[in-house]
Protein chains: 2
Amino acid sequence: MTKSIEEIRDEFIEKIGLLMQSDGLPRTAGRVMGALVWEGSPVAFCDLATELQVSRGSISTATRALIDRRMIRRVTKPGDRQDYFQLAEKSYETMVEDLSLKFHRRSEELYATLDGVPECEPEIRERVRAYSETLESVAKKIGELAKEMV
Amino acid sequence: MTKSIEEIRDEFIEKIGLLMQSDGLPRTAGRVMGALVWEGSPVAFCDLATELQVSRGSISTATRALIDRRMIRRVTKPGDRQDYFQLAEKSYETMVEDLSLKFHRRSEELYATLDGVPECEPEIRERVRAYSETLESVAKKIGELAKEMV
DNA sequence: TCGTGAGTTCAGATAGTACTAAACGCACTT
DNA sequence: AAGTGCGTTTAGTACTATCTGAACTCACGA
């Protein structure tokens, strides 16, 4: 017995859910993302709730989080009062850009610590600096990739 | 009133704690890491507990997690029954390598989904493939960095 | 061989996050 | 205006992961 297409889809959705959860988003947001990657075309708000078996409130929260991150778009259809959602164009590029930015911000945050470390502690300064620099290098590398993807 | 060196240190430790927490480690593990980056030299097990104000059980769990990730090392001193911990050599390189591996594994996991998606759904296949490929590209870029750091 | 001091383990307490369901506000139709 | 159908907000709940503290194991020295 091979798996049905629905089973494959659900597994995929769960995988994306877990993947994005480990990136700090609510799992439901990840599952919404998964569903939209799978479908490709716009999916209605209420269909998301029924298919993913979560409340409308959760869908509202999840879609807002994904829109904030520019991963998905809200679209409307003339004569239809429902909201629809679909993958944003360039959503993968956005994902990579955001990742780069995340490391950049972490680097900056640590770098700021250096201001408070006195000159007479050069070894501490060096270790903090190296940490910050490692993060910045990661940010730069991922940033390169983002540019290549355009 | 400028901040004392202890205040700066504690802020740094908290920052690393939050940073590593967002990478999926317990916050205490991150704080231990922060303390060891700051100190540089080996720090005694019990000193970690008192300085970070957490139980010995937490220190035990946190240090094990960090040792598993090759971020720190356990060291001993002759005639001293306590365990000491210090930053692993190449801990930053290890951090970058692990990051690369993390994306690689995610990519593989998604790629495996493709086996179940029938040929008659080329658009779904393409979207899933593109997602997996994006993750693999990130893994490769970070992997490059890891090699450059050696 | 018993006592001490070290780290580990585990059961229970705690905190933080995300979910549900219901109330709500808004826009469109009648 | 009133009714309907939509998404949003929020109060309460449930879950999960981490922390604590006590019991435990082990190695060493008296």
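Below, chain A is the first sequence line, B the second, and so on; all start at residue 1. Just so we're clear, the structure is a prediction, and the values are computed from it rather than from any experiment.
- With a 6.0 Å cutoff to the six-membered ring centre and a 45° limit on the axis angle, A:R9 does not count as a cation-pi contact of A:F12.
- Looking only at atom types and distance, the side chain of A:T76 has no donor-acceptor partner in the side chain of A:R81 under 3.5 Å away.
- D:dT18 atom P lies 17 Å from atom CG of B:L52, rounded to whole Å.
- Across the protein-nucleic acid pair, A:D47 atom CG and D:dC6 atom C1' stand 14 Å apart, rounded to whole Å.
- The local environment of CZ in A:F45 is crowded, with over 12 non-hydrogen atoms from other residues, nucleotides or ligands closer than 6.0 Å.
- Looking at A:D23 and B:R106, a side-chain N of the basic residue comes within less than 4.0 Å of a carboxylate O on the acidic one, giving a salt bridge.
- Of all nucleotides in DNA chain C having an atom under 4.0 Å from a heavy atom of chain B, the first and last in 5' to 3' order are C:dG5 to C:dT9.
- Counting only heavy atoms from C-beta on, B:R81 has its side chain closest to D:dA27 among D:dA27, D:dC19, D:dG5.
- Rounded to whole angstrom, the span from the CG atom of B:D83 across to the P atom of D:dT25 amounts to 19 Å.
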Practice problem: May I have the step-by-step check of side chain to side chain donor-acceptor pair (under 3.5 Å) for A:D80 and A:Y84, ending in yes or no? | Solution: CA-CA 10 Å; A:D80 187 340; A:Y84 288 75; 2.6 Å; yes
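- Remark: A:R69 does not engage A:E97 in a salt bridge, criterion side-chain N to carboxylate O under 4.0 Å.
- Note: CG (B:L48) to C1' (D:dT20) measures 17 Å, nearest angstrom.
- For the segment residues 56-64 of chain B, the set of residues with a heavy atom within less than 4.0 Å of an atom of DNA chain C comprises B:R56, B:G57, B:S60, B:R64, in numerical order.
- Counting non-hydrogen atoms under 4.0 angstrom, B:Q21 reaches nothing in the nucleic acid.
- Under 4.0 Å is where a charged nitrogen must lie from a carboxylate oxygen, and between B:R129 and B:E126 at least one such pair does.
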Quiz prompt | A:K141/B:I142 under side-chain contact (heavy atoms from CB on, under 4.5 Å): CA gap, chis, key distance, verdict | solution = CA-CA 7 Å; A:K141 275 288 184 184; B:I142 300 177; 5.6 Å; no
